[in-house]
Peer 1: 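Sharing a structure here in structure tokens format.
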Amino acid sequence: MNYADFHRRSIEEPDAFWAEQAKLVDWHKPFDTVCDYSKPPFVTWFAGGQTNLCHNAVDRHLATRPDDKALIWVSTEVDKEVVYSFRELHAEVQRMAAILRELGVKKGDRVLVYMPMIAEAAFTMLACARIGAIHSVVFGGFASVSLASRIDNAAPTVIVSADAGSRAGKVVPYKGLLDEAIKLAKAKPTKVLMVDRGLAKFERSAGRDEDYATLRSKHMNTQVPCEWVDSTHPSYTLYTSGTTGTPKGVQRDTGGYCVALAASMKHIYLGKPGETYFSTSDIGWVVGHSYIVYGPLIGGMATIMYEGLPIRPDAGVWWSLVEKYKVTSMFSAPTAVRVLKKQDPAYLKKYDLSSLRALFLAGEPLDEPTATWISESLGRPIIDNYWQTETGWPILSLCNGVEQLPSKFGSPGLAVYGYNVKLIDEATGKEMTHSDEKGVVMIEGPLPPGCMQTVWQDDERFVKTYWTVLDGKHMYSTFDWGVRDKDGYYFILGRTDDVINVAGHRLGTREIEESISSHANVAEVAVVGVADQLKGQVAMAFVIAKDASALGDQAARLKLEGEIMKVVDSQLGAVARPSRVLFVTALPKTRSGKLLRRALQAVAEHRDPGDMSTIEDPTALQQVKALVG
Ligand code: PRX
């Protein structure tokens, strides 16, 4: 089929289009309406319908492929590999669901998941979906303060965690951070379910902490049927950063998400039942939700869940898995490819990669040298795709399952079906009609199925943060700049807000600033993202010390820099640690006191800051220039 027609139909006849896609999933009760957009910008997909994500991901495959591989857990950290068939996954998920029920979890309750990349994390997510509980996975790399704010927002009945993760062979304990976070949080979980991997000793809080292995042995044969939920029932929340305030809980529905993922497996990710999908992300991020756990399983595919680094024991480890499990679709991030690019390319030639249909990359801009290197080394199509935690699945991509179209270097492709993408002039609010003009990437409402329903418990924040009315139409902002060429291919040019992207991890500079400000000797701080060859961007902090006499010499500056980094490590996690903390006596501000972030970033990247006529103190930028060399 012609993709242009496919896309046009999705926009012009959304009801017919999505009703067709909805046939890809099982419904317990058919829906009455496809799209209800009577209260914009809120949209309801498949109202009246009832379904269950876990049923679609697991149970429905029992009839046709019970012994096919479903979850392949591989850890090069603890040197283990466990394969669960759909039948075995079904049993494990029921056990976990029985445990959650026993611990008091009911439909609509939140279950916070703070876990490393272990199979039990996937069991927990699926078990929540099974009983209609709402999971909220927090990335294992976040530390106690980040975790505490998420606990407070989600107010979970139960938290599921583990003794430790492992990174590069080093044990990374979780439980101490979790205990600290629970202490900091106002909302207290009634129970904490601990998976004890035997990696790190931890203290148990009597009456609160429960042992997974013990409870599992009680429920070896407990049957927990799927709870049929309304299509609009929230399946999960996932926190993500923006410019202001605490991270937002992106809330996802059930029916729309299920349909969107099932359709994306077919049209975008080229997956077929019985095949194997390998996404190298982490369950703490949206890619892990959509394309480690739910998408592949809904599509009847085996999914690989990998704990470890891409270069350990050597740079061939991912490709060895592609060969061993005959991976057909693989999903990773440009940073991971850049890491591999620094290794001996012979590792790529060592394995039979003939099963692989394509490598999908997302999460951050794909630069041309990286794209060329991986495409030549693999000899397989590389498909860049652009999306967000908010959308849950691609906004821009090639939809090769519909029509094979050429890719263009530096472009994540065309607007995906269901997305009415527009480029808007920031100053005038008018749509860019000519090609190659830079504008804000916006999506005309309604957002298609699978995208965020709202901000958890904050409809007003959802509307205020993301939506503007232009020419009487509700428009969702992605907060990204973009251009479109004459063939409809988009190019993403970076964020319009204060979000930075470090190695594909989305971070809010304001959160990092807040954390740094809590150090006793910090008077003022500005954090900006600075281009980095390996990680895409790194965070750089510019600090005005309260007591500058403490910064007499280089050794003193390094000491304070180290202390500040430690504060960020312990509060937010190493993932948010700035690459450098540099000390200045003034920050570039306008005369009205507004921080000139873009100028600061430009100078830190050795670029021209542009028109600086509004700056209060021109020496502020000169200091920065001198520091970054
Ligand atoms: O700035 C865009 C960038 O990552 C942001 C979304 O990050 P996150 O919520 O973590 O979701 C990642 C889902 C893959 C976007 O606003 N981004 C994502 N994909 C691309 C990208 N930038 C350029 N090219 C991409 N393919």
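Just so it is clear, the values below take in all heavy atoms, side chains as well, and ignore hydrogens, waters and symmetry mates. Counting starts at 1 for both ligands and their atoms, following the listed order.
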Peer 1: State the atoms of ligand 1, each with its element, that fall below the 4.0 Å cut-off from a heavy-atom position in D384.
Peer 2: 25 (C), 26 (N)

Peer 1: Within the structure, does E390 bring an N/O atom to less than 3.5 angstrom of an N/O atom in ligand 1?
Peer 2: no

Peer 1: List ligand 1 atoms under 4.0 Å from N501, heavy atoms only on the residue side.
Peer 2: 3 (C), 4 (O)

Peer 1: Okay, side chain of S161, backbone of Y114: is any donor-acceptor separation there less than 3.5 Å?
Peer 2: yes

Peer 1: Measuring from non-hydrogen atoms of W387 to any atom of ligand 1, is the shortest distance under 4.0 Å?
Peer 2: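 So W387 counts as touching ligand 1.
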
Peer 1: Please report the C-alpha distance between M301 and Y269 in whole Å, then the side-chain angles of each, then the deciding distance to 0.1 Å, and finally whether the side chain to side chain contact (heavy atoms under 4.5 Å, CB included) criterion is met.
Peer 2: CA-CA 12 Å; M301 299 177 81; Y269 294 110; over 6 Å; no

Peer 1: Can you say whether the rings of W318 and Y306 are parallel (under 30°), tilted (30 to 60°) or perpendicular (over 60°)?
Peer 2: perpendicular

Peer 1: Any idea which part of E364 is under 4.0 Å from ligand 1, heavy-atom wise: side chain, backbone, both or neither?
Peer 2: backbone

Peer 1: Which residue in the set R510, H505, E511, R506 passes side chain to side chain donor-acceptor pair (under 3.5 Å) when paired with S241?
Peer 2: E511

Peer 1: If you count the atoms of ligand 1 from 1 in the order shown, which ones are under 4.0 Å from a heavy atom of P365?
Peer 2: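 Counting from 1, the qualifying ligand atoms are 22 (N), 23 (C), 24 (N).
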
Peer 1: How far is atom 15 (C) of ligand 1 from its nearest protein heavy atom, and which residue and atom name does that atom have?
Peer 2: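 The closest one turns out to be D480 OD2, 3.2 Å.
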
Peer 1: Using heavy atoms and a threshold below 4.0 Å, how should the contact between T389 and ligand 1 be classified: side chain, backbone, both, or neither?
Peer 2: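 Within the 4.0 Å criterion, T389 contacts ligand 1 through backbone and side-chain atoms alike.
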
Peer 1: Relative to the heavy atoms of Q388, which atoms of ligand 1 are at a distance of less than 4.0 Å?
Peer 2: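 Near Q388, meaning under 4.0 Å from one of its heavy atoms, ligand 1 has 6 (C), 9 (O), 11 (O), 16 (O).
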
Peer 1: Using a 4.0 Å heavy-atom threshold (strictly under), name the region of L396 that reaches ligand 1: side chain, backbone, both or neither.
Peer 2: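 Neither part.
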
Peer 1: With heavy atoms only and a cut-off of under 4.0 Å, state how V286 meets ligand 1: side chain, backbone, both or neither.
Peer 2: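 V286 to ligand 1: side-chain contact only, backbone stays beyond 4.0 Å.
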
Peer 1: Look at atom 19 (N) of ligand 1 and say which protein heavy atom is nearest, naming residue and atom and giving the distance to 0.1 Å.
Peer 2: G363 N, 3.0 Å

Peer 1: Taking atom NZ of K408 as the centre, report whether more than 12 heavy atoms of other residues, nucleotides or ligands fall under 6.0 Å from it.
Peer 2: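 For K408, atom NZ is crowded (more than 12 foreign heavy atoms under 6.0 Å).
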
Peer 1: Under a 4.0 Å threshold between the charged nitrogen and the carboxylate oxygen, would E364 count as salt-bridged to R338?
Peer 2: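 Looking at R338 and E364, the cut-off is met.
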
Peer 1: Taking it one step at a time, do I311 and V317 satisfy side chain to side chain contact (heavy atoms under 4.5 Å, CB included)?
Peer 2: CA-CA 7 Å; I311 50 168; V317 57; over 6 Å; no

Peer 1: Just which atoms of ligand 1 are under 4.0 Å from any heavy atom in N385?
Peer 2: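 Once the distances to N385 are compared, the set is 19 (N), 25 (C), 26 (N).
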
Peer 1: Mind checking ring pair (Phe, Tyr, Trp, His ring centres under 6.0 Å) for Y419 and listing every partner two or more places apart, or none if nothing turns up?
Peer 2: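 Testing Y419 for ring pair (Phe, Tyr, Trp, His ring centres under 6.0 Å), a comparison that skips the adjacent residues, returns W393.
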
Peer 1: Quick one: pull up OG1 in T124 and CD1 in I283 and give me the separation to the nearest 0.5 Å.
Peer 2: 8.0 Å

Peer 1: Name the closest protein heavy atom to atom 7 (O) of ligand 1, giving the residue it belongs to and the distance to 0.1 Å.
Peer 2: R506 CD, 3.6 Å

